[in-house]
Amino acid sequence: MAKPIVAIMYDFDKTLSTTDMQNYSFIPNLGMTPEQFWGETGKFTEEQGVERILSYMYMMIKIAKEKGVEITREYLQECGKKIQFFPGVSTWFKRINEYGASKGVIVEHYLVSSGTIEIVEGCSIYPEFKKAYGCEFYYENDVPVWPKLAINYTQKTQFFFRVAKGAIDATNDNDVNAKSPTLRIPYRNIIYMGDGMTDIACMTLVKKNGGHSIAVYAHDEEPAKVRQIYTDGRCSFYCKADYTSGSQMEKMVRLIIDRVAIDDEIDKKTQLLANK
């Protein structure tokens with residue numbers, strides 16, 4: 001019989017990385033501080049009524065052009081090399097995969113970010129994801145001219161269904177909308193990790209469908225925000241963004257994997273009894 005699959009879906013900025021991915025290289029290369037760049041982006045949003053994700057993509061191109069910085073896909077990938085991650089992230093995927101295997105469970109990792117996917121492509125953990133979704137530019141003559149894909153905070157929810165159904169191509173609308181008698185990955189086997197308010201839609205959706213959502217916080221003095229999300233019933237758990245061996249995060253995910261393994265065994269035995 002096929003092994004059960006656990007899908008872990010991650011936000012990126014402030015969930016795996018310590019701050020917004022543009023803050024490490026892209027914005028400093030413009031001669032700006034993150035506060036200045038995001039301030040300009042927010043101002044553009046308010047004045048022009050442009051959706052916030054589209055605003056930052058537009059401002060990346062606009063300000064880079066003004067500053068004489070040539071953007072290409074390769075340039076953005078280079079910007080991903082300086083991303084810093086929370087403790088344990090670099091070894092997290094291997095450890096969780098191995099634990100899943102020890103329990104007869106396949107673990108798959110998916111990234112669902114409103115950040116810039118070209119920057120993610122240059123970071124050290126990019127190969128760990130079965131599929132990585134993020135905002136992406138369309139290029140002509142190696143120059144970004146238009147958003148190819150933009151993912152805001154509520155649009156993230158579609159990827160819960162894509163992952164569950166196995167319709168992971170972001171342009172495959174037929175399969176993700178089709179009625180499926182069976183799911184490749186049951187909803188209960190999906191874990192979503194995010195850092196707070198921008199992930200509430202996904203965390204709530206996953207939790208309400210029987211999956212597990214985890215709200216993370218960066219520092220010991222910052223749990224109040226995610227604790228409120230937990231108190232409001234919008235996430236299953238909350239813990240510090242510590243991915244090291246033996247951490248609360250690791251223990252929590254291991255327990256979920258244990259539960260998936262047990263549920264799968266019960267399902268198989270129930271099916272055998274039903275067929276007798």
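The basis for the numbers below is simple: all heavy atoms, side chains too, and nothing from hydrogens, waters or symmetry mates.
We find the CD-CG distance between Glu128 and Leu111 to be 12.0 Å, quoted to the nearest 0.5 Å. The distance from the CD1 atom of Ile214 to the CG atom of Asp195 is 13.5 Å, given to the nearest 0.5 Å. In this structure, OG in Ser124 is found 13.5 Å from OH in Tyr126, a value given to the nearest 0.5 Å. Rounded to the nearest 0.5 Å, atoms CE (Met32) and CD1 (Ile27) are 7.5 Å apart. To the nearest 0.5 angstrom, His212 atom NE2 is 10.0 Å from Ile190 atom CD1. With values rounded to the nearest 0.5 angstrom, Thr244 atom OG1 is found 7.5 Å from Glu250 atom CD.
In this structure, the side chain of Lys165 engages the main chain of Ala178 through a donor-acceptor pair within 3.5 Å. A donor-acceptor contact shorter than 3.5 Å is absent between the side chain of Lys81 and the backbone of Gly122. The backbone N or O of Asn152 lies less than 3.5 Å from no partner atom in the side chain of Arg52, so there is not a single donor-acceptor pair. Using modelled atom types, no side-chain atom of Ser25 and backbone atom of Lys82 make a donor-acceptor pair closer than 3.5 Å.
Under the 3.5 Å distance criterion, with hydrogens and angles disregarded, no donor-acceptor pair is assigned to the side chains of Gln271 and Asp267. A donor-acceptor pair shorter than 3.5 Å cannot be found between the side chains of Tyr139 and Thr72.
Inter-residue side-chain proximity for Thr116 and Tyr56 is flagged as met; some heavy-atom pair is nearer than 4.5 Å. Between Arg162 and Asn172, the closest side-chain pair of non-hydrogen atoms falls below 4.5 Å. For the pair Val253/Tyr99, no side-chain contact is recorded, criterion being any heavy-atom separation below 4.5 Å from C-beta on. Looking at Thr198 and Ser114, their side chains never come closer than 4.5 Å, going by heavy atoms from C-beta outward. For the pair Trp38 and Asp20, the minimum side-chain heavy-atom distance is below 4.5 Å. Counting only heavy atoms from C-beta outward, the side chains of Cys79 and Tyr24 never approach each other to under 4.5 Å. Residues Thr19 and Lys14 are in side-chain contact: their nearest non-hydrogen atoms beyond the backbone lie under 4.5 Å apart. A 4.5 Å side-chain heavy-atom check between Glu70 and Tyr75 finds every atom pair outside the cut-off.
Between Phe85 and Phe12, the ring planes lie perpendicular to each other; the angle is over 60°, past the 30° to 60° tilted range.
Ile262 belongs to a hydrophobic cluster with Ile266, counting contacts under 4.5 Å between side-chain heavy atoms of Ile, Leu, Val, Met, Phe, Trp and Tyr, direct or through other members.
A ring-ring contact (aromatic ring centres under 6.0 Å, His included) with Tyr230 holds for exactly one of Phe237, Tyr238, Tyr217; it is Tyr238. No option in Glu136, Glu74, Glu78 other than Glu136 meets the side-chain contact (heavy atoms from CB on, under 4.5 Å) test with Glu118.
Shortest non-hydrogen contact noted between Met21 and Ser113 is CE-OG, 3.8 Å. When all heavy atoms are compared, the tightest approach of Ser236 to Gly211 is OG-O, 3.9 Å. Considering every non-hydrogen atom in both Asp242 and Ser247, the closest pair reads O-OG, 2.9 Å. Asp13 approaches Gly115 most closely through the heavy-atom pair OD2-CA, 4.4 Å. The two atoms that bring Gln248 and Cys239 nearest to each other are OE1-CB, 3.3 Å, heavy atoms only. Ile83 and Cys123 get closest at one heavy-atom pair: CD1-CB, 4.0 Å.
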Check the pair Ile71 / Phe26 against side-chain contact (heavy atoms from CB on, under 4.5 Å), numbers first and verdict last. CA-CA 10 Å; Ile71 298 181; Phe26 181 82; 3.8 Å; yes
Before giving the answer on side-chain contact (heavy atoms from CB on, under 4.5 Å), spell out for Val176 and Gln158 the whole-Å C-alpha distance, their side-chain angles and the decisive distance to 0.1 Å. CA-CA 8 Å; Val176 75; Gln158 67 167 296; 5.8 Å; no
Please step through side-chain contact (heavy atoms from CB on, under 4.5 Å) for the pair Tyr153 and Ile53, ending with a clear verdict. CA-CA 9 Å; Tyr153 311 130; Ile53 301 302; 4.1 Å; yes
CA sep, side-chain torsions, deciding dist, call: Lys268, Asp264, salt bridge (Lys or Arg N to Asp or Glu O under 4.0 Å): CA-CA 6 Å; Lys268 288 175 180 176; Asp264 183 71; 3.0 Å; yes
Give the intermediate values and the outcome of ring-ring contact (aromatic ring centres under 6.0 Å, His included) for residues Phe159 and Tyr110. CA-CA 9 Å; Phe159 298 102; Tyr110 296 85; 10.0 Å; no
For salt bridge (Lys or Arg N to Asp or Glu O under 4.0 Å), just list the numbers for Glu108 and Arg184, CA-CA rounded to whole Å, side-chain angles, deciding distance to a tenth of an Å, and then say yes or no. CA-CA 12 Å; Glu108 296 179 352; Arg184 179 176 180 269; 2.7 Å; yes
Taking it one step at a time, do Ile229 and Arg234 satisfy side-chain contact (heavy atoms from CB on, under 4.5 Å)? CA-CA 5 Å; Ile229 296 172; Arg234 295 175 165 187; 3.7 Å; yes
Just do the salt bridge (Lys or Arg N to Asp or Glu O under 4.0 Å) check on Lys103 and Glu265 with the steps written out, would you? CA-CA 11 Å; Lys103 297 294 180 177; Glu265 186 65 25; over 6 Å; no
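At most 12 heavy atoms of other shown residues, nucleotides or ligands fall within 6.0 angstrom of atom CG in Asn141.
Linking ILVMFWY side-chain heavy atoms closer than 4.5 Å, directly or via other members, places Val50 and Phe37 in a single hydrophobic cluster. Following chains of ILVMFWY side-chain contacts shorter than 4.5 Å, one can reach Ile200 starting from Ile151, so the two form part of one hydrophobic cluster. In the hydrophobic clustering of ILVMFWY residues, with side-chain heavy atoms under 4.5 Å counting as a link, Tyr187 and Ile106 come out together. Under the 4.5 Å side-chain contact rule for hydrophobic residues, Ile96 and Tyr192 do not share a cluster. Under the 4.5 Å side-chain heavy-atom criterion for grouping Ile, Leu, Val, Met, Phe, Trp and Tyr, Ile191 is connected to Val89 within one hydrophobic cluster.
Ion pairing between a basic and an acidic side chain is recognised when a charged N comes within 4.0 Å of a carboxylate O; Asp199 and Lys156 show such pairing.
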